[in-house]
2 protein chains.
Amino acid sequence: MAITDTSSFVAERPSSVPARRRPLVLEPLHAAQTCATCSARATSVCNAIEDKDLDRLASTAVSIIVQPGHGFIEEGDTAEHFFNVTSGTVKLFKLLPDGRRQITGFAGIGHFLGLAVSTSYSFSAEAVDPVRICRFSRSKLRVLLDDFPAMEKRLLEVASNELVAAQEQMLLLGRKTARERLASFLMARAGMQTHCGAETKPALREPVSLPMTRGDIADYLGLTIETVSRTLTRLKAERLIDVPNTTDVMLLDPRGLQSLATGLD
Amino acid sequence: MAITDTSSFVAERPSSVPARRRPLVLEPLHAAQTCATCSARATSVCNAIEDKDLDRLASTAVSIIVQPGHGFIEEGDTAEHFFNVTSGTVKLFKLLPDGRRQITGFAGIGHFLGLAVSTSYSFSAEAVDPVRICRFSRSKLRVLLDDFPAMEKRLLEVASNELVAAQEQMLLLGRKTARERLASFLMARAGMQTHCGAETKPALREPVSLPMTRGDIADYLGLTIETVSRTLTRLKAERLIDVPNTTDVMLLDPRGLQSLATGLD
DNA sequence: CGTGCTTTTGAAAATCATCAAGTATAGTGG
DNA sequence: CCACTATACTTGATGATTTTCAAAAGCACG
């Protein structure tokens with residue numbers, strides 16, 4: 001049931017290349033892991049597999065740690081693996097030739113990556129903070145899926161939900177103002193934390209955590225760094241939020257933010 | 001194998017309410033149809049069902065005709081049906097309370113609608129031109145899916161492809177200029193026509209067909225009607241396209257348009 | 001306690017939106 | 001068949017949000 005030590009890896013950080021271009025280097029993990037004790041199982045597609053079958057799942061999986069700024073999926077590369085985030089936050093993005101970047105999503109614990117039908121990835125993925133991911137061979141998983149139709153059903157559910165989220169994001173990118181985009185982003189983050197986080201209580205006094213940079217937020221919301229910064233400053237001046245530090249935001253007026261987010265202003 | 005006459009309908013056009021708000025009215029269709037002869041089967045998820053099982057599929061389906069401007073899915077409504085477009089073009093969209101609209105996609109022949117896991121639709125759908133759709137009961141289809149895992153696999157494929165398209169659209173909405181958006185749109189339309197249309201040959205001299213209004217294009221590309229019109233005028237002045245009439249565009253310089261679309265200016 | 005990076009803030013510029021006519025196009029009824 | 005109306009589209013002038021360019025202020029790390 002345990003993943004063999006030699007099949008677990010850690011991504012190492014090379015030094016001379018800019019972070020985003022650095023190749024992924026792998027090293028053995030010191031501690032072995034199991035699917036049974038996986039912290040992501042509850043929220044991931046793996047919960048479609050029953051306990052008794054977990055060893056089969058584990059045998060196809062490899063655990064990897066990716067350091068902040070390191071990429072582990074590159075758009076256009078041959079898609080040989082599926083990934084499942086077990087901790088940390090991953091940014092998914094597409095680039096234009098001149099460097100313009102659109103982050104299409106932030107994948108947290110339990111998120112499944114690499115669903116493309118195509119033989120190559122249609123997006124890139126990079127760790128925002130230290131990330132643990134579980135890697136599956138595409139071909140092995142395909143066989144596994146034939147034996148576990150429940151998992152295939154789960155994948156369809158996941159894909160459907162992502163499609164809904166993508167459509168919501170299109171509405172944001174195509175039709176919302178900078179203020180509305182930031183409000184939407186903060187409310188979505190807050191909702192994410194209360195639903196998937198360790199805390200099951202409302203946690204109204206808890207700050208919203210922003211592990212990504214302003215640049216990442218800008219590229220996710222279709223804005224510039226400066227506009228993100230200015231807009232946060234303005235929301236703060238209006239007492240809708242407080243920004244104690246770069247990575248935390250207190251939602252002082254969730255209702256006000258919510259109506260801003262939905263365009264009622 | 002034939003759909004019973006009484007389960008086929010035509011949408012009728014009421015007169016006093018603005019098109020978008022008019023309720024859908026149904027009338028019996030005069031001619032019966034079959035899944036076996038369905039023009040959309042080749043390009044739809046239904047091709048996962050073998051010929052011998054087609055009658056089971058047909059028994060769960062209802063054929064509907066929707067007139068231009070009529071909606072048949074309303075965001076927030078209880079999701080009781082799945083739909084499959086068999087001819088015509090459907091626009092899918094989300095609205096903000098003040099009327100701002102984002103069209104998330106145009107669904108043509110073979111497109112499957114209503115994949116949401118939720119009990120209610122997350123988007124609205126409206127006919128662009130006269131549309132024929134095949135309607136399935138959600139509950140019936142769920143049972144059908146258990147018997148035909150191949151169809152479930154197809155649905156996952158479809159959902160994955162839509163996800164890829166959605167991410168591409170996010171890149172467009174978040175990071176491309178108006179010119180790049182129009183170029184991307186035209187090239188995507190052209191590709192769609194050559195891949196799914198009746199003509200299998202390149203058809204370079206064929207015009208790109210735009211059954212939707214400038215307003216629809218604007219709401220799809222996150223622009224205004226005026227910007228769409230001006231940008232098309234400019235692309236025409238630059239000899240990249242010709243616009244013989246409102247609904248057709250000739251791609252005079254496909255390569256130039258392609259590099260514009262991908263951000264290589 | 002510098003050094004380098006991220007973030008914030010300011011001023012100027014630009015793209016796109018808004019407001020406002022004016023021009024086609026299609027459908028209707030005389 | 002043609003005027004008439006409604007709708008869609010185009011074009012022009014103005015304006016605003018956001019971007020770009022620039023620089024200062026925070027913060028983290030050695």
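Remember, predicted model here, so these are calculated numbers, not experimental data. What's counted below: heavy atoms across the whole structure, side chains too, no hydrogens, waters or symmetry copies. A note on names: the letters A, B, ... follow the listed sequences, proteins ahead of strands, and every chain is numbered from 1.
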Give Thr213(B) one of three labels, base, sugar-phosphate or nothing, depending on what nucleic acid heavy atoms sit under 4.0 Å from its own. sugar-phosphate
Hey, does Leu232(B) reach any base, or is it just sugar-phosphate, or nothing, if we go heavy atoms under 4.0 Å? nothing
What integer distance in Å separates Glu226(B):CD from dA8(D):C1'? 12 Å
Interatomic distance where NZ belongs to Lys176(B) and C1' belongs to dT19(D) [whole Å]: 19 Å
Partner of Lys91(A) under side-chain hydrogen bond (donor to acceptor under 3.5 Å, both in side chains), chosen from Asp219(A), Asp216(A), Thr104(A): Asp216(A)
Could you tell me the separation between the CG atom of Leu223(A) and the C1' atom of dT15(C), rounded to a whole number of Å? 15 Å
With nearest nucleotide decided by heavy atoms, which residue, Met212(B) or Arg175(B), maps closer to the 5′ end of DNA chain D? Met212(B)
Without swapping roles, check the side chain of Arg132(B) against the backbone of Ser63(B) for a donor-acceptor pair under 3.5 Å. no
Between the side chain of Ser229(A) and the main-chain N/O of Glu226(A), is any donor-acceptor distance below 3.5 Å? no
Thr227(A) has a side chain; which of dT8(C), dT18(D), dC19(C) sits nearest to it? dT18(D)
Would you kindly give the CD1-to-C1' distance between Ile225(A) and dT8(C), to the nearest whole Å? 11 Å
What I'd like to find out is whether the side chain of Leu210(A) reaches to under 4.5 Å of the side chain of Phe185(A), using heavy atoms alone. yes
Euclidean distance, atom CG of residue Asp219(B) to atom P of dA17(C) [Å, nearest integer]: 11 Å
Whether the side chain of Arg230(B) and the base of dT18(C) hold a donor-acceptor pair under 3.5 Å is what I'd like checked. yes
To the nearest angstrom, the CG-C1' distance between Asp216(A) and dC5(C) comes to 14 Å
Asp248(B) has an atom CG; how far is it from atom P of dA24(C), in whole Å? 19 Å
Thr233(A) side-chain N/O to dT9(C) phosphate OP1/OP2 under 4.0 Å: yes
So, do Asp242(A) and Lys236(A) sit near enough that their side-chain heavy atoms are less than 4.5 Å apart? yes
Classify Thr246(B) by what it touches in the nucleic acid, base, sugar-phosphate, or nothing, heavy-atom distance under 4.0 Å. sugar-phosphate
For the side chain of Ser229(B), starting at C-beta, report the closest nucleotide among dT20(D), dT10(D), dT18(D). dT10(D)
Separation of Asp98(B) atom CG from dA17(C) atom P, in whole Å? 15 Å
